[in-house]
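Single-structure report; data block below.
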Amino acid sequence: MTEIERKFLLKNTDFLKDLNGTRITQGYLTTDKERTVRVRIKGEKAFLTIKGKSNASGLSRYEWEKEITTQEAEELLQLCLPGVIDKTRYEIAIEKHVWEIDIFHGENNGLTLAEIELQSETEPFSKPEWIDKEVTGDVRYYNSYISEKPFCEW
């Protein structure tokens with residue numbers, strides 16, 4: 001399956017104060033430029049995800065994901081590269097899209113990102129007022145990158 005998403009920085013996070021988020025812990029078995037293999041525990045569920053290389057625009061890439069048990073994920077996290085990511089995700093539905101807002105913790109504290117998944121690279125969508133600069137395709141904002149070079153070191 002091809003994943004098409006755009007990624008943005010946020011102007012502020014005030015709009016999240018009354019919402020409940022889901023804690024996410026994720027690590028990488030590989031962060032090779034051609035493919036990443038991610039282990040994620042999201043709330044009570046866990047996943048193993050393989051992502052291919054992004055296209056030239058950074059908007060699209062192949063993604064394969066399989067739900068696994070949290071016990072399997074916890075075991076696989078022990079094999080992951082250093083730099084496990086800890087974040088809280090908020091999901092906000094606006095019109096026909098869901099925005100995923102990630103508030104990072106630990107070494108990536110201070111980094112906040114919003115992502116929107118689309119059906120095509122040219123699909124129109126409404127940008128909420130809290131959206132700031134687009135960073136789609138900027139590898140510094142890939143989770144695999146910040147697992148190796150955390151935001152506190154920028």
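Only a predicted model underlies this, so the values are computations on that prediction, with no experimental measurement involved. Note: hydrogens, waters and symmetry copies are ignored here, and every other heavy atom, side chains too, is used.
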Item checked: Smallest separation among heavy atoms of Ile131 and Ala114, with atom names -> CD1-CB, 3.7 Å
Check: Hey, does Glu74 have a side-chain heavy atom less than 4.5 Å from the side chain of Ile41?
Finding: yes
Note to self: To the nearest 0.5 Å, what is the distance between CG on Asn20 and CD on Glu91?
What the structure shows: 12.0 Å
Next item on the list: Check whether Tyr145 and Phe8 end up in the same hydrophobic cluster, where Ile, Leu, Val, Met, Phe, Trp and Tyr are linked by side-chain heavy atoms less than 4.5 Å apart.
Entry: no
Item checked: Residue pair Leu76 / Ile68, side-chain heavy-atom distance below 4.5 Å -> yes
Note to self: Taking Leu113 as the starting point, is it possible to reach Ile85 by hopping between hydrophobic residues whose side chains are less than 4.5 Å apart?
What the structure shows: yes
Margin query: Under the criterion side-chain contact (heavy atoms from CB on, under 4.5 Å), I'd like the reasoning laid out for Thr30 against Thr36: C-alpha separation, chi angles, the key distance, then a yes or no.
Written below: CA-CA 5 Å; Thr30 179; Thr36 59; 5.6 Å; no
Next item on the list: Kindly give the heavy-atom pair with the smallest separation between Val84 and Gln26, and that separation in Å.
Entry: CG1-O, 3.3 Å
Checklist line | Nearest-0.5 Å distance, CG of residue Leu10 to CG of residue Leu16 | finding: 7.5 Å
Margin query: Please tell me whether Thr49 and Arg38 have a donor and an acceptor in their side chains that are separated by less than 3.5 angstrom.
Written below: yes
Notebook entry, point to check: Which pair of heavy atoms, one from Ala46 and one from Ala73, lies closest together, and at what distance?
Noted result: CB-CB, 3.5 Å
Margin query: Starting from Val139, can I reach Val135 by hopping between I/L/V/M/F/W/Y residues whose side chains sit under 4.5 Å apart?
Written below: yes
Check: Hey, does Val37 have a side-chain heavy atom less than 4.5 Å from the side chain of Trp64?
Finding: no
Note to self: List the residues meeting side chain to side chain contact (heavy atoms under 4.5 Å, CB included) with Glu67, not counting sequence neighbours, and say none if there are none.
What the structure shows: Lys45, Phe47
Notebook entry, point to check: Within the side chain of Asp132, is there an N or O that forms a donor-acceptor pair under 3.5 Å with the backbone of Leu9?
Noted result: no
Checklist line | Shortest non-hydrogen separation from Thr31 to Ser147 and the atoms involved | finding: CG2-OG, 4.3 Å
Margin query: Once salt bridge (Lys or Arg N to Asp or Glu O under 4.0 Å) is applied, what residue pairs with a partner in residues 46-63 remain, sequence neighbours excluded?
Written below: Glu3-Lys51, Glu3-Arg61, Glu34-Lys53, Lys51-Glu63
Next item on the list: Please identify each residue that fulfils side chain to side chain contact (heavy atoms under 4.5 Å, CB included) with Arg23, with sequence neighbours left out.
Entry: Asp86, Thr88, His105
Next item on the list: Determine whether the side chains of Glu75 and Gln71 contain a donor N or O and an acceptor N or O closer than 3.5 Å.
Entry: yes
Notebook entry, point to check: What is the minimum heavy-atom distance between Ile146 and Arg140, and which atoms define it?
Noted result: CG2-O, 3.3 Å
Checklist line | CG on Leu59 to CZ on Arg6, rounded to 0.5 Å | finding: 6.5 Å
Note to self: If I take atom CD1 from residue Ile101 and atom CG from residue Leu19, how far apart are they, to the nearest 0.5 angstrom?
What the structure shows: 8.5 Å
Notebook entry, point to check: Is there a donor in the side chain of Ser57 and an acceptor in the side chain of Asn55, or the other way round, less than 3.5 Å apart?
Noted result: yes
Check: Which pairs count as ring pair (Phe, Tyr, Trp, His ring centres under 6.0 Å) when at least one residue sits in residues 121-142, sequence neighbours excluded?
Finding: Phe15-Trp130, Trp99-Phe125, Trp99-Trp130, Tyr141-Trp154
Checklist line | Any donor-acceptor N or O pair under 3.5 Å, side chains Glu123, Ser120 | finding: no
Note to self: Any heavy-atom pair between the side chains of Leu81 and Leu29 that's under 4.5 Å?
What the structure shows: no
Notebook entry, point to check: Do Tyr28 and Cys80 have side-chain heavy atoms sitting under 4.5 Å apart?
Noted result: no
Notebook entry, point to check: Do Leu111 and Asn109 come close enough that some side-chain heavy atom pair is under 4.5 Å?
Noted result: no
Item checked: Value rounded to 0.5 Å, distance of CD1 in Ile116 from NZ in Lys127 -> 10.0 Å
Check: Under 4.0 Å between a Lys/Arg side-chain N and an Asp/Glu carboxylate O for Glu72 and Arg40?
Finding: no
Notebook entry, point to check: Among pairs that include at least one residue of residues 102-113, which meet salt bridge (Lys or Arg N to Asp or Glu O under 4.0 Å), considering only residues two or more places apart or in two chains?
Noted result: Lys87-Asp102, Arg89-Asp102
Item checked: Where at least one partner belongs to residues 144-154, residue pairs that pass salt bridge (Lys or Arg N to Asp or Glu O under 4.0 Å), sequence neighbours excluded -> none
Note to self: Regarding Glu134 and Lys7, does a basic nitrogen lie under 4.0 Å from an acidic carboxylate oxygen?
What the structure shows: no
Check: Are a donor atom and an acceptor atom from the side chains of Thr70 and Glu44 found within less than 3.5 Å of each other?
Finding: no
Notebook entry, point to check: Which atoms form the tightest heavy-atom contact between Asn108 and Pro150, and what is the distance?
Noted result: OD1-CA, 3.2 Å
